[in-house]
Amino acid sequence: MIERRTVFKAALAAGAALVAAACSSTNDGTALPTGAAGADGEGAPVAKITAEPAVNTKDAAVLKPVTIKVADGKLTECKVTADGGKGLKGDTAPDGLSWTSSEPLGYGKTYTYAAKATGTDGKPVELTGTFSTITPAKQVRATLNPADNQQVGVAMPISVKFASPVKDRKAVEKALSVKTDKNVEGAWGWLSDSQVDYRPKEYWPQNITVSVEAKLYGVELGGGAYGKADVTTKFKIGRNQVVKVNTPEHQMHVYRGGSQVKSYPCANGLDAEVDRNTPNGTYIVMSKEPTAVFDNARYGYTNVNKKWACRFSNHGEYIHENQDNAANIGKNNNSHGCVNLLEADAKDYFDSALVGDPVEITGSQLGAPMNSDVKDWNFSWSAWQGMGAK
């Protein structure tokens with residue numbers, strides 16, 4: 001009797017081992033069927049469940065969809081849960097042969113599989129196990145300009161700025177897209193390791209809508225850094241208005257749709273001192289300030305208040321009111337680089353201007369300063385094309 005009980009206990013233990021094996025999985029994410037016939041002589045289940053990423057995967061990419069597939073059967077249950085039990089969104093195919101996630105994975109998370117299927121032989125199989133995703137050394141945030149719903153001038157570039165320098169420029173450019181109502185030739189150009197701008201070959205067509213996607217989440221930027229989040233924007237290009245100043249003429253001309261609509265007398269940078277010239281180049285209206293305070297210790301003035309100021313360069317140039325200089329406006333160039341207008345004219349122009357309007361300066365002895373934040377139009381088109389990722 002002692003001997004028979006010992007044999008019976010051993011048989012029970014073997015049976016328990018077979019049941020456990022049927023509900024476990026291999027290291028490659030494949031459901032593991034029983035490896036031997038059961039007590040009734042039946043064979044192992046024919047269905048086979050596989051998953052990608054495989055069970056026990058480390059550092060899985062966050063953008064690649066999770067997939068669960070079954071061969072010789074149909075899926076009956078598919079769950080993928082993250083730390084804390086939140087389920088990953090996904091859908092089972094109509095034929096019941098696969099399940100695919102429909103949202104990105106999170107950084108530095110562990111996900112658990114719980115998938116079941118019934119084979120063509122009617123027997124159930126199960127997949128369990130976990131995988132983990134990449135943990136970036138750094139997550140880098142990006143900003144996108146212009147902002148949503150803005151209306152801007154025809155020279156406005158699209159600018160993506162990163163909180164930290166980017167090493168893999170190609171990866172970034174692959175994640176960027178620009179769509180417009182009309183066909184527009186344009187290109188991305190890197191102004192620094194942390195800024196890439198998009199500008200068209202010529203000014204934007206007027207009255208079009210521009211949509212931009214920077215799908216940077218999950219993109220490896222180099223050096224272990226990854227994009228923190230996607231950013232998007234949708235903005236409108238307004239009417240075509242261009243300012244043209246040929247400094248020796250002492251006139252500022254405003255064009256709409258290619259036709260001159262206004263001409264204002266002006267005083268530009270002092271001709272006799274090159275460093276005070278209003279520099280040649282193509283700029284954009286960067287900001288509009290009803291009142292602005294000007295300081296320049298080099299030339300001995302501080303806290304000078306002027307009205308109706310439109311900045312067009314971070315080198316220090318504005319179009320603004322200077323009624324105190326009325327005697328020279330339209331006659332002499334004597335400013336420190338700004339375009340001076342009479343107060344009424346400055347207000348009239350200010351009211352008509354949009355951020356992003358082109359400002360074209362010619363006739364000066366001073367070349368375009370390349371330390372301005374917006375210098376996109378001071379590169380030739382061929383030079384700009386060469387500023388993309390190599």
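Remember, predicted model here, so these are calculated numbers, not experimental data. Both backbone and side-chain heavy atoms feed into the values below; hydrogens, waters and symmetry mates do not.
- Salt-bridge check for K307 with E343: passed, with a basic side-chain N closer than 4.0 Å to an acidic carboxylate O.
- For the pair V242 and P358, the minimum side-chain heavy-atom distance is below 4.5 Å.
- Using a distance-only test at 3.5 Å, with no hydrogens or angles considered, no donor-acceptor pair links the side chain of R276 to the main chain of L270.
- Donor-acceptor pairing under 3.5 Å is recorded for the side chains of N325 and N334.
- With salt bridges taken as basic N to acidic carboxylate O contacts below 4.0 Å, none links D72 and K48.
- Residues F294 and H320 place their aromatic rings such that the two centres sit under 6.0 Å apart.
- One finds no salt bridge joining D95 and K74 here, because no Lys/Arg side-chain nitrogen approaches an Asp/Glu carboxylate oxygen to under 4.0 Å.
- One side chain, N333 or H250, offers a donor N or O that lies under 3.5 Å from an acceptor on the other.
- Within the 4.5 Å cutoff, the side chain of K234 has no heavy atoms near those of the V210 side chain.
- Judged purely by distance below 3.5 Å, without hydrogens or angles, the side chains of E317 and T278 never pair a donor atom with an acceptor atom.
- Within the structure, salt bridge (charged side-chain N to carboxylate O under 4.0 Å, His left out) pairs that include any residue of residues 136-164 do not occur (at least two apart or interchain).
- Separating the OG1 atom in T50 from the CG atom in L127 is a distance of 8.5 Å, to the nearest 0.5 Å.
- Taking NZ of K390 as the start and NZ of K170 as the end, the distance is 10.0 Å to the nearest 0.5 Å.
- Between M387 and L191, the closest heavy-atom pair is CE-CD2, 3.6 Å.
- Of the N and O atoms on the side chains of R256 and Q241, at least one donor lies less than 3.5 Å from an acceptor on the other residue.
- The minimum heavy-atom distance linking A309 with Y318 is given by the pair CB-CD2, 3.6 Å.
- Remark: M370 CE to H315 NE2 distance equals 12.0 Å, nearest 0.5 Å.
- In this structure, the separation between CD on E173 and CH2 on W190 is 6.5 Å, given to the nearest 0.5 Å.
- Residues V374 and L354 do not share a hydrophobic cluster, clusters being chains of Ile/Leu/Val/Met/Phe/Trp/Tyr side chains in contact below 4.5 Å.
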Worksheet entry | Worked check of side chain to side chain donor-acceptor pair (under 3.5 Å) between Y264 and D348 | CA-CA 10 Å; Y264 307 112; D348 188 56; 2.5 Å; yes
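- Counting only N and O atoms by type, the side chains of Q385 and W188 include no donor and acceptor under 3.5 Å apart.
- Side-chain contact, D197 with S159: a donor N or O sits under 3.5 Å from an acceptor N or O.
- When every heavy atom of V184 is checked against every heavy atom of P200, the shortest pair comes out as CG1-CB, 3.6 Å.
- Remark: the E360 side chain and the T362 side chain contain no N/O donor-acceptor pair separated by less than 3.5 Å.
- Residues I134 and L221 are members of separate hydrophobic clusters, defined by side-chain heavy-atom contacts under 4.5 angstrom among Ile, Leu, Val, Met, Phe, Trp and Tyr.
- With hydrogens and angles ignored, the 3.5 Å screen pairs a side-chain donor or acceptor of S192 with a backbone N or O of Q195.
- Contact check for L216 versus V172: side-chain heavy atoms found under the 4.5 Å cut-off.
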Worksheet item: Given the rule in the salt bridge (charged side-chain N to carboxylate O under 4.0 Å, His left out) test, do R239 and D357 qualify, once you have shown the distances and angles that lead to the verdict?
Response: CA-CA 9 Å; R239 78 289 174 273; D357 282 345; 2.9 Å; yes
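- Across I208 and K182, no two heavy atoms sit closer than the pair CG2-CD, 4.1 Å.
- Judged by distance alone, with hydrogens and angles left aside, the side-chain atoms of W377 form no donor-acceptor pair with the main-chain N or O of I284 at under 3.5 Å.
- One distance of note links CG of L105 with NZ of K64; it measures 11.5 Å at 0.5 Å rounding.
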Worksheet item: Are T128 and E126 close enough, and set up right, to give a side chain to side chain donor-acceptor pair (under 3.5 Å), and what steps lead you there?
Response: CA-CA 7 Å; T128 61; E126 183 174 296; 5.1 Å; no
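- Between D324 and K306 there is a salt bridge, since a side-chain N of the basic residue sits under 4.0 Å from a carboxylate O of the acidic one.
- The six-membered or imidazole ring of F131 lies near that of Y113, with a centre-to-centre distance under 6.0 Å.
- Taking SG of C310 as the reference point, atom CZ of F312 lies at 10.0 Å (rounded to 0.5 Å).
- Looking at E52 and T67, their side chains never bring a donor and an acceptor atom within 3.5 Å of each other.
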